[in-house]
Amino acid sequence: MSLQLPERRDGSGKFRRRMTLLALFGISLIALTGCSSESSGEWERLAMPDPATVEGESILELWQGAWIAALITGVFVWGLIFYAVVKFRRRSDDEIPVQTRYNLPLEIFYTIFPIVMVVVFFSHTVRVQNEVLDDSPADNTIEVVGQQWTWTFNHPYDDQYVYEGGDGNTIPTLVLPVDETTRFNLHTPDVIHDFGVPGFLMKMDVMPGQDNHYQVTPKRIGSYAGKCYELCGVYHSRMLFNVEVVSRADYDAYLQGLEDAGSAAEEPILGGSYADTQIGLEPTDAEEAAP
C-alpha cells in the first residue's frame, strides 16, 4: 500500500491575479502620497528634510540610495516568499512534498550577493564621509561650545572673538554667511553633547577632551532650528539654538553689532569658569553674594 501523489493543478492564473491586485494597491498608495507638490517632494526625499547645504545634498543621495537598494532587495525577497507560499502550498492532506537536497547556484547567489551589497554600501559611505568631512581651508571658523545647558558661538573678528550664548532660558542664535564654507570646532567643558541642524542633514558629537569638527556650506538664505542630539542631562531639552543664514554684508553687520554690544573677548569662551555664566551676562543675586 502506498501513497499516490496527486497531480498538481496549474495555479498560475490565480497567482497572476493576486500579484496584479498587490501591484494596484502599491500604485494607489504612491498616488495618494503625491497629492501635493510638497508631499511629493517629501516622498522623493524619503521623509528627509530638503538639504540647505552643499554637503547635505551628498548625505541625502547616500540616504536615498541605501533606501532604494533596501526596498529593491526587500521586494525581491518578499516576492520569492509569496511565490513559494502560493505555488508550493499544500493542497491535500495526503500530499508529500518533493524532496530537494540543495541548489548550488542559488546558495552561491545568496552568499555572494549580500557581500557585494555590503562592499558597495561601505564604499559609498566612505566617499560621502570624505566629502562632508573635508578639511580644506574654510572661509570662516566658529568655535562652538556645548555646555549644560546652552550653546556659545565664538566668531573671530578684528583680532579677537565676538560671541553669542544662551543662559538656559534664552535660546542663542548662530549666524552664518550664505555660499561660504564655515568650519565648526566643537568643544565642551562637561559631558557629551551633539551639535546638529536638521536642515543641514549633519550632526556630530561634542566630546569632553576631544575637539571634533566639521564644516558646512549653506546654499540659501533662511532660518533653521538646531539642537543637541545627545541626552546630556536633566535639562537636555533646553539645549536649542536658532540658525540664521544671511548675506555676507548682514553677517559682517552682525559681528560688528556683537562687538559694539561688548560681547568680545581676546580668546574664545570654551567653558571652564564660563560653563554656567558667559562673559557679558548679568550675574545672578546668588553669584553676587558668593564670596
Side-chain angles (χ1 to χ4, degrees), residues 51-56 132-147 149-167 170-190 192-208 210-230 239-272 274-275 278-281:
T53 63
V54 174
E55 295 77 10
V132 301
L133 298 181
D134 183 17
D135 283 334
S136 59
D139 301 311
N140 310 283
T141 300
I142 299 177
E143 305 294 334
V144 177
V145 184
Q147 56 201 48
W149 313 96
T150 188
W151 298 92
T152 302
F153 306 115
N154 300 273
H155 305 257
Y157 185 68
D158 282 349
D159 297 326
Q160 60 181 350
Y161 287 88
V162 294
Y163 60 86
E164 178 174 350
D167 60 3
T170 303
I171 298 178
T173 298
L174 172 63
V175 180
L176 303 174
V178 70
D179 295 327
E180 296 184 23
T181 300
T182 299
R183 175 187 173 114
F184 301 124
N185 292 330
L186 308 176
H187 315 271
T188 179
D190 38 58
I192 299 176
H193 303 278
D194 196 299
F195 176 79
V197 181
F200 293 174
L201 276 67
M202 181 69 181
K203 64 185 181 69
M204 183 172 287
D205 279 347
V206 187
M207 307 282 292
Q210 176 178 323
D211 296 337
N212 291 339
H213 66 271
Y214 71 93
Q215 51 198 45
V216 298
T217 308
K219 59 183 183 178
R220 60 174 177 266
I221 293 175
S223 301
Y224 307 91
K227 60 182 178 179
C228 176
Y229 282 83
E230 185 79 24
M239 294 203 62
L240 307 174
F241 61 94
N242 299 315
V243 180
E244 295 290 339
V245 179
V246 299
S247 64
R248 164 48 72 171
D250 289 340
Y251 181 66
D252 290 337
Y254 166 75
L255 298 182
Q256 183 62 50
L258 290 179
E259 184 181 41
D260 294 342
S263 299
E266 294 182 359
E267 298 292 336
I269 299 174
L270 300 179
Y274 302 120
Q278 288 80 43
I279 292 177
L281 297 179

Quiz item: If you round to the nearest 0.5 Å, how far is CD of Gln147 from NE2 of His187?
Solution: 11.5 Å
Self-check item: Side chains of Pro208 and Ile192 in contact at under 4.5 Å (non-hydrogen atoms)
Solution: yes
Exercise. Using ring pair (Phe, Tyr, Trp, His ring centres under 6.0 Å) as the criterion, list what pairs up with Phe241, not counting sequence neighbours.
Key: Trp151, Phe153, Phe195
Quiz item: Closest heavy-atom contact between Val178 and Ser247?
Solution: CG1-CA, 4.2 Å
Quiz item: Counting only N and O atoms by type, is there a donor-acceptor contact under 3.5 Å from the side chain of Asn154 to the main-chain atoms of Ile269?
Solution: yes
Quiz prompt | Counterpart residues, side-chain hydrogen bond (donor to acceptor under 3.5 Å, both in side chains), relative to Arg248 (two or more places apart) | solution = Asn140, Glu180, Asp252
Exercise. Specify the closest pair of heavy atoms between Glu230 and His193, including all atoms of both residues, with the distance to one decimal.
Key: CB-C, 3.7 Å
Self-check item: CD-NZ distance between Glu55 and Lys219, expressed to the nearest 0.5 angstrom
Solution: 10.0 Å
Quiz item: Is a donor on one side and an acceptor on the other found under 3.5 Å between the side chain of Asp134 and the backbone of Ser136?
Solution: yes
Quiz item: For the residue pair Tyr161 and Glu266, what are the closest heavy atoms and their distance?
Solution: CD1-O, 3.7 Å
Practice problem: Using the side chain to side chain contact (heavy atoms under 4.5 Å, CB included) rule, take Thr141 and Gln215 through it: C-alpha gap first, then chi angles, then the decisive distance, then the call. | Solution: CA-CA 9 Å; Thr141 300; Gln215 51 198 45; over 6 Å; no
Quiz item: Which atoms form the tightest heavy-atom contact between Pro198 and Gly226, and what is the distance?
Solution: CD-CA, 4.4 Å
Quiz item: Should Val206 and Val144 count as side-chain neighbours, where that means a heavy-atom distance under 4.5 Å?
Solution: no
Quiz item: Could you go step by step and tell me if Leu176 and Tyr224 meet the side chain to side chain contact (heavy atoms under 4.5 Å, CB included) rule?
Solution: CA-CA 11 Å; Leu176 303 174; Tyr224 307 91; over 6 Å; no
Quiz item: Once you round to the nearest 0.5 Å, how far does CG of Leu186 lie from CD1 of Ile142?
Solution: 11.0 Å
Exercise. Can you see which heavy atom on Pro189 is nearest to which on Gly146, and at what distance?
Key: CD-O, 3.5 Å
Self-check item: Donor-acceptor contact present, side-chain Thr173 to main-chain Asn242, <3.5 Å
Solution: no
Exercise. Nearest 0.5 Å please: distance from the OG1 atom of Thr217 over to the CG atom of Asp139.
Key: 7.5 Å
Quiz item: Under the side-chain hydrogen bond (donor to acceptor under 3.5 Å, both in side chains) test, which residues partner Asn212, sequence neighbours left out?
Solution: Gln210
Quiz item: Looking at residues at least two apart in the chain, or sitting in another chain, which of them share a ring pair (Phe, Tyr, Trp, His ring centres under 6.0 Å) with Tyr214?
Solution: Phe184
Quiz item: Are side-chain heavy atoms of Tyr163 and Val145 found at a separation under 4.5 Å?
Solution: no
Practice problem: Please tell me if the side chains of Thr53 and Met202 come closer than 4.5 Å, counting only heavy atoms from C-beta onward. | Solution: no
Practice problem: Show your reasoning for whether side-chain hydrogen bond (donor to acceptor under 3.5 Å, both in side chains) applies to His213 and Asn185. | Solution: CA-CA 5 Å; His213 66 271; Asn185 292 330; 4.9 Å; no
Self-check item: Approximate separation, where rounding is to 0.5 Å, of Thr170 OG1 and Leu240 CG
Solution: 12.0 Å
Quiz item: How far apart are the closest heavy atoms of Pro177 and Thr182, and which atoms are they?
Solution: CD-OG1, 4.0 Å
Quiz item: What residues form a side-chain hydrogen bond (donor to acceptor under 3.5 Å, both in side chains) with Gln256, not counting sequence neighbours?
Solution: Tyr157, Glu259, Asp260
Quiz item: Residues two or more places apart in sequence or in another chain: which of them pass ring pair (Phe, Tyr, Trp, His ring centres under 6.0 Å) with His155?
Solution: Tyr251, Tyr254
